[in-house]
There are 2 protein chains.
Amino acid sequence: MSRRIPASTIRRLSHYLRSLEDIEGEGRETVSSEELADRGQTTAAQVRKDLSHFGSFGKRGLGYRVDELRVRLLEILGVDRVWKVALIGAGRIGSALFEYPAFESRGYECVAIVDADPEKIGAMWGALRIRPPEEIESLIGSLGIELFILAVPAQAAQQITDRAVGAGIKGILNFAPIRLKVPSHVAVEDVNLVMQLEALSFAITQRG
Amino acid sequence: MSRRIPASTIRRLSHYLRSLEDIEGEGRETVSSEELADRGQTTAAQVRKDLSHFGSFGKRGLGYRVDELRVRLLEILGVDRVWKVALIGAGRIGSALFEYPAFESRGYECVAIVDADPEKIGAMWGALRIRPPEEIESLIGSLGIELFILAVPAQAAQQITDRAVGAGIKGILNFAPIRLKVPSHVAVEDVNLVMQLEALSFAITQRG
DNA sequence: CGTCGCTTGTGAAAAACGTCACAAAATCTA
DNA sequence: TAGATTTTGTGACGTTTTTCACAAGCGACG
């Protein structure tokens, strides 16, 4: 029941949540920390320690009720509600993300698409019309957008970020390969595929 | 000059490498640990500690020679050569990745595309023809493929992984939302956008 | 009801990771 | 050459994160 939670704990909670959904799909009603550990890449003690940051949800001798723990994890992770998301950048990555079914299934709802390319502005993606960057502030305000998925070239990313921050954005999933500067109350998660590929080639090279 | 390197160090090395390329582009010849720290999200001591795992590349009083350190980082990360990559899954994500310019610029060369959809098999993407899954083993063998970019539905991922491992694959960049089971000599990096969005919503909810 | 088997929750120990502080090495200046 | 100045490389230290170990809680069963 502490205050400061490690980022690695949060990642594992996401994974537990997915496992719980699988387990629920299998029709099971309870699960032990050991089984959750096996399905993740961790240990039973780690599972219990992770959960203990937020309360005690299990029953000794029995384990955790699957649906109960699932709902608690949804609450903890803040995905027990809909998040209004804007997709900034209607290129290849943006297009792939827009169709990515996993987002909607977790309550992330794309309510706006923005692109700077005059050829794209005005086009329809599904029910959404692509908007020009000038409308960023008004879109955030009128639609209640809290999250940005930022899939624009690196040189445009900081400028757009500054405007989004000014208009009250709360979090950014950043695909641009730069470190965005934001005030401390704005959350940023970087997606960096080159970095992950380099982690692979390092690991392989290391082992010879 | 130690043996076991923290994953966080590797991520930072990738970032230093990008910074060095920027700095070189600005025409500078040397750089201090402090400047590298400023461009990353870290401290000068951390930069020096990270580098010290692999040797001592700087000159006291001067800093690091930009081009020299850049080349050393390329070697350390294993990107001082070409990696033959296969793209498994020619859907939206696969398409976005295939056109992603950053991959080629770091020496990751896509030499094969595989998809299970009969409607896609045989189609050309650039100079590459989309292959059926049955050819996975022979493609790995004949083309010298070492890395997979796995962008297929979750239920197909483990099966394809098993076959790739059997045929000698060394690393997998996994977009499927499951934890792949692989022998310890195979490296896996998971790309999990839902997990990253959940990290955002957690952070925002926490501060709420 | 008492005991047995199972599994949680949690302090305490250990390990991993990051920070600090400073001696050592390099250049520059005179 | 000597002294001033800069910045690295690294052992010692502090903090964070993981692992360990076990008391305590729960259900089952005779």
Side-chain angles (χ1 to χ4, degrees), chain A residues 1-16 19-20 23 28-70 72-73 76 179 199 202-203 206, chain B residues 1-16 19-20 23 28-73 76 199 202-203 206:
Chain A
M1 270 295 206
S2 75
R3 206 81 215 102
R4 170 77 190 142
I5 310 294
S8 46
T9 290
I10 303 309
R11 279 195 299 276
R12 285 190 298 266
L13 292 183
S14 286
H15 199 272
Y16 304 154
S19 297
L20 287 168
I23 292 166
R28 309 262 312 284
E29 298 212 336
T30 65
V31 65
S32 67
S33 57
E34 190 172 356
E35 178 166 358
L36 281 174
D38 287 347
R39 295 190 184 237
Q41 180 73 6
T42 182
T43 65
Q46 183 72 76
V47 172
R48 297 198 298 273
K49 182 68 92 179
D50 285 339
L51 296 176
S52 76
H53 286 116
F54 303 95
S56 54
F57 313 126
K59 284 219 180 0
R60 299 173 191 229
L62 265 194
Y64 304 89
R65 287 199 54 87
V66 174
D67 59 346
E68 194 180 309
L69 184 56
R70 183 179 60 77
R72 283 297 287 129
L73 286 182
I76 291 166
R179 187 83 62 160
F202 172 80
Q206 223 40 12
Chain B
M1 270 293 206
S2 74
R3 204 83 215 97
R4 171 75 190 146
I5 312 293
S8 45
T9 290
I10 303 307
R11 280 196 298 275
R12 286 190 297 268
L13 291 183
S14 286
H15 199 271
Y16 304 153
S19 297
L20 286 168
I23 292 166
R28 312 262 311 286
E29 298 213 335
T30 65
V31 65
S32 68
S33 56
E34 191 173 357
E35 178 166 358
L36 281 174
D38 288 346
R39 296 190 183 235
Q41 180 72 4
T42 183
T43 65
Q46 183 71 75
V47 172
R48 298 199 297 275
K49 181 70 92 179
D50 285 339
L51 296 177
S52 77
H53 285 117
F54 302 96
S56 54
F57 313 125
K59 283 220 185 351
R60 296 171 192 230
L62 262 194
Y64 303 88
R65 288 200 53 88
V66 174
D67 59 347
E68 192 179 309
L69 183 58
R70 184 178 59 75
V71 168
R72 283 296 288 131
L73 287 181
I76 290 166
F202 172 80
Q206 226 37 15

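Treat the numbers as computed from the prediction; the structure is a model and nothing was measured.
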> Just how far, in rounded Å, is P of C:dG9 from CZ of A:Arg72?
Replying inline: 12 Å
> What are the two closest heavy atoms between A:Ser33 and A:Arg48, and how far apart are they?
Replying inline: OG-NH1, 3.1 Å
Could you list all N or O pairs between the protein and nucleotides 23-27 of chain C that sit under 3.5 Å apart?
from   : atom 1 : to      : atom 2 : distance (Å)
C:dA24 : N3     : B:Arg60 : NH1    : 3.0
C:dA26 : O4'    : B:Arg60 : O      : 3.4

> Between C:dT8 atom C1' and A:Asp50 atom CG, what is the distance in whole Å?
Replying inline: 14 Å
> A:Arg72: what forms a side-chain hydrogen bond (donor to acceptor under 3.5 Å, both in side chains) with it, not counting sequence neighbours?
Replying inline: A:Glu75
>> For chain B and DNA chain D, what are the first and last nucleotides along the strand, 5' to 3', with at least one atom under 4.0 angstrom from a heavy atom of the protein chain?
In response: D:dT6 to D:dA12
> When you match B:Lys49 and A:Ala45 each to their closest nucleotide on DNA chain C, which lands nearer the 5' end?
Replying inline: A:Ala45
>> Nearest whole Å is fine: how far is C:dA15 C1' from A:Gln46 CD?
In response: 13 Å
> With sequence neighbours left out, which residue pairs that include part of residues 54-70 of chain B fulfil the side chain to side chain donor-acceptor pair (under 3.5 Å) condition?
Replying inline: B:Glu24-B:Arg70
> Closest heavy-atom contact between A:Leu73 and A:Leu13?
Replying inline: CD2-CD2, 3.8 Å
> In whole Å, what is the span from the CZ atom of A:Phe57 to the C1' atom of C:dT7?
Replying inline: 17 Å
>> So which atom in B:Ala37 and which in B:Ala44 form the shortest heavy-atom distance, rounded to 0.1 Å?
In response: CB-N, 3.4 Å
> Heavy atom of residues 31-43 of chain A under 4.0 Å from DNA chain C: which residues?
Replying inline: A:Ser32, A:Ser33
> Taking all atoms of both residues into account, what is the closest heavy-atom pair of A:Leu51 and A:Phe57, and its distance?
Replying inline: O-CE1, 3.8 Å
> Within a strict 4.5 Å, meaning less than it, do heavy atoms of the A:Leu20 and A:Leu36 side chains meet?
Replying inline: yes
> Do B:Tyr16 and B:Leu69 come within less than 4.5 Å of each other through their side chains, counting heavy atoms only?
Replying inline: no
>> Checking B:Ser8 now: which residues fulfil side-chain contact (heavy atoms from CB on, under 4.5 Å) with it, not counting sequence neighbours?
In response: B:Pro6, B:Arg11, B:Arg12
> A:Arg65 has an atom CZ; how far is it from atom C1' of C:dT8, in whole Å?
Replying inline: 16 Å
>> Heavy atoms only, 4.0 Å cut-off, all strands: where does A:Ser8 land among base, sugar-phosphate and nothing?
In response: sugar-phosphate
>> Can you tell me if B:Arg12 touches the phosphate of C:dG18, counting only side-chain N or O atoms and a distance under 4.0 Å to OP1 or OP2?
In response: yes
> Does B:Gln46 have any side-chain hydrogen bond (donor to acceptor under 3.5 Å, both in side chains) partners at least two apart in sequence or in another chain, and if so, which?
Replying inline: B:Asp50
> Which pairs pass salt bridge (charged side-chain N to carboxylate O under 4.0 Å, His left out) with one or both residues in residues 34-46 of chain B, sequence neighbours excluded?
Replying inline: B:Glu26-B:Arg39, B:Arg28-B:Glu35, B:Glu35-B:Arg39
